[in-house]
Q: 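My structure is below; once you've seen it, I'll send some questions.
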Amino acid sequence: MDPNRVAPPLRGEKDLVVYAENLRHTYDRQRFALDGVSFTVRRGEVFGLLGRNGAGKSTLIKAMTTLIQPTSGTLRVLGMDPAHDGQKIRSRIGVVQQSESFDFTTVQGNLDVYGVLWGVPKAERTRRRERLLARYGLGDLRKRRAFDLSGGQKRRVQVAREFMHDMDVLFLDEPTVGLDVIMRREMLDSVRDEVRRGLTVVFTTHNLEEADYLCDRVAVIDEGKILVLDTLENLKRLYGGKKTIDLSVSDGDSARYFAALTDVLGPRATVTAKDRSAVILTDDTKEALSKIVELSHSTGVQLDWLNVRKNTLEDVFLRSVGHGGESIAST
Amino acid sequence: MPVPNLLRLIYRNIKVNTDPGSLIILIGLPGMYLVFFGYGFGSLAAAGGSSTAYLSFLTPGIMSFQVVMAGTVGGSILWADRRWGMLSQLLVGPFTRLQYLLGIMLTSMMFGLGGSAVMLGVAYALIGSGPAQPLALAVMFASITLGSIFFGALMLFIGALVKSNTAYNSVQILLIFIVNFASTVFYPLSSGLPVALRVLFYVNPLTYVADAVRGAYSGTLTGLDVYQMLLLGAETVVFLFLAVRAYMRSDVSYE
């Protein structure tokens with residue numbers, strides 16, 4: 001199945017938060033930042049967009065948040081057309097952008113002003129502000145100007161600020177950049193809490209562990225195309241019978257060694273090599289290990305590192321994007 | 001009852017732009033002009049009359065000067081929002097682009113009216129008298145409102161076109177200087193001026209505002225003042241159109 005094709009929404013299908021069909025967008029009429037992207041996001045799910053820098057993730061977020069109009073294709077957000085119902089859509093979404101955005105005032109001031117902008121009544125605004133300052137560890141920083149904070153602190157303010165208002169869907173564009181491990185996990189947990197209360201989240205990230213932790217479904221996007229789109233369970237099931245062998249060699253002609261290894265292992269394994277390292281995906285670990293060692297003896301190429309592990313989302317990502325651009329569709 | 005979007009945007013613009021530094025520029029600078037120029041140049045003028053007479057001449061000029069300062073507030077809000085990422089953040093909020101623009105324009109207008117009122121109060125304290133007739137106050141109110149909208153639109157137009165903050169600041173400073181000193185804010189239009197300079201005075205919209213406010217302030221409004229205000233009204237419409245068009249086409253990207 002082509003991951004860039006989706007079924008059209010059924011009449012009255014109320015749980016469809018985003019419907020995108022064959023979206024294309026160009027900034028310069030030469031290169032397409034989005035090139036035939038199709039997907040749906042359902043109410044209450046966390047939908048992850050994974051991809052390298054410049055893959056098209058932010059362009060897709062901009063289209064869904066009505067900042068740009070796609071050059072062609074069909075897009076519906078909360079059942080509405082961004083081209084005609086932009087304001088209605090925007091009044092029901094939250095957006096944490098990739099870049100910094102602050103009013104030139106204190107942390108507390110930023111939250112307060114944002115609450116006013118969204119029409120949150122004063123008592124509720126104060127209650128939310130205090131809860132969010134505590135939730136995101138910003139209580140001691142409330143009197144500091146937002147621009148004077150560190151990168152991670154600023155990020156926390158941006159995310160906290162967005163929860164000053166109610167929304168049906170939250171777009172998070174790389175929200176954890178600059179956060180330490182603990183704060184990153186706390187932020188993901190806070191988003192999870194909101195999801196449990198019924199919030200739908202569209203989330204872009206480079207970090208595959210985060211996607212694994214938070215997302216129900218992920219789409220891997222590269223050069224404006226969706227290469228993989230499925231639930232995490234399905235993606236893992238797709239690779240479920242297989243395991244990953246990481247290996248690196250220290251001596252000899254590694255390119256010849258990896259080429260020979262690809263031949264020896266045959267179609268039941270996938271070898272992805274770079275320089276002196278390779279990632280091998282196989283459903284018969286025992287046989288593969290034996291052949292790796294055998295070939296090392298016969299070619300004189302010395303093995304430096306050998307490790308067998310379960311597949312991760314990173315393997316899916318690397319296979320679909322990093323090496324050869326082979327598309328993996330959901331089954 | 002929910003507060004309309006436009007009022008929320010105006011509240012935000014005022015709230016984040018009323019730090020002490022901004023107020024010193026907005027109120028302090030024209031205030032210093034009024035005091036130092038009023039008494040400094042007034043002492044020169046005193047040779048042929050009284051220094052209070054120059055202060056009375058200068059007061060409506062400085063009140064009018066506030067419309068230029070108010071215009072720069074509008075342009076600066078747009079630039080600051082762009083520079084600090086709030087433009088795109090607001091435009092993914094529950095507002096239209098037009099509401100955002102109108103919010104800035106109305107904020108400029110409020111700064112213009114507020115600043116003028118402060119200058120009027122300062123002058124009243126210095127001179128001991130001032131206009132109290134409702135008609136005079138209404139004409140001053142209308143002139144300053146129109147002037148603030150004109151200069152707000154002009155600065156937004158420039159702000160939407162110029163691609164860097166440095167360039168915007170340079171244009172703004174140059175414009176303040178030219179518009180301020182090539183107008184009747186500080187001195188009357190004299191027949192002794194070179195023709196080129198007189199033309200510059202005549203086409204400068206700040207001259208129209210200053211003449212109308214001065215006419216109302218001193219009770220000497222003429223037909224020319226009315227024509228000038230009509231011309232300013234037409235120019236305001238043109239620049240509003242240009243500002244809206246340039247802004248609607250401008251990039252709000254956040255990457």
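Here is the naming used below: chain letters follow the sequence lines, and residue numbers restart at 1 for every chain.
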Q: Is the closest side-chain heavy-atom distance between A:V116 and B:K15 below 4.5 Å?
A: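 A side-chain contact is absent here, since even the closest heavy-atom pair is not under 4.5 Å.
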
Q: Identify which part of A:Y114 has an atom lying under 4.5 Å from any heavy atom of chain B, answering side chain, backbone, both or neither.
A: side chain

Q: Counting only heavy atoms not in B:Y33, do more than 12 fall under 6.0 Å of its OH?
A: yes

Q: Please determine whether the number of non-hydrogen atoms from other residues, nucleotides or ligands lying under 6.0 Å from atom CZ of B:F36 exceeds 12.
A: no

Q: Does atom CZ (B:F181) have a neighbourhood of more than 12 heavy atoms from anything else shown, all under 6.0 Å?
A: yes

Q: Between CG of B:N5 and CH2 of A:W118, what distance do you get to the nearest 0.5 Å?
A: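 Reported value, rounded in 0.5 Å steps: 9.5 Å.
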
Q: Inspect the surroundings of CE in B:M110 and state if more than 12 heavy atoms from other residues, nucleotides or ligands are less than 6.0 Å away.
A: no

Q: In terms of heavy-atom contacts, does CG of A:D140 have more than 12 from other residues, nucleotides or ligands at under 6.0 Å?
A: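 Count not over threshold, so no.
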
Q: For B:F95, is there any backbone N or O sitting under 3.5 Å from a side-chain donor or acceptor partner on A:Q87?
A: no

Q: What part of B:L90 gets closer than 4.5 Å to chain A, counting heavy atoms only: side chain, backbone, both or neither?
A: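 Interface part for B:L90: side chain.
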
Q: Which pair of heavy atoms, one from A:Q97 and one from B:S88, lies closest together, and at what distance?
A: OE1-OG, 2.8 Å

Q: On a heavy-atom basis, which atom in B:G85 and which in A:S101 lie closest, and how many Å separate them?
A: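 Heavy-atom minimum between the residues: O-CB, 3.2 Å.
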
Q: Do you know which of A:H165, A:Q158, A:E100, A:R92 has the most heavy-atom pairs under 4.5 Å to chain B?
A: A:E100

Q: Distance check, rounded to the nearest 0.5 Å: B:Y11 atom OH versus A:L117 atom CG?
A: 9.5 Å

Q: Is there a donor-acceptor pair under 3.5 Å between the side chain of A:R90 and the backbone N or O of B:G93?
A: yes

Q: If I measure from the heavy atoms of chain B, does A:E174 come under 4.5 Å with its side chain, its backbone, both, or neither?
A: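 For A:E174, no heavy atom lies under 4.5 Å from chain B.
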
Q: Is there a donor-acceptor contact under 3.5 Å from the side chain of B:Q89 to the main chain of A:V95?
A: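 Confirmed, B:Q89 side chain pairs with A:V95 backbone.
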
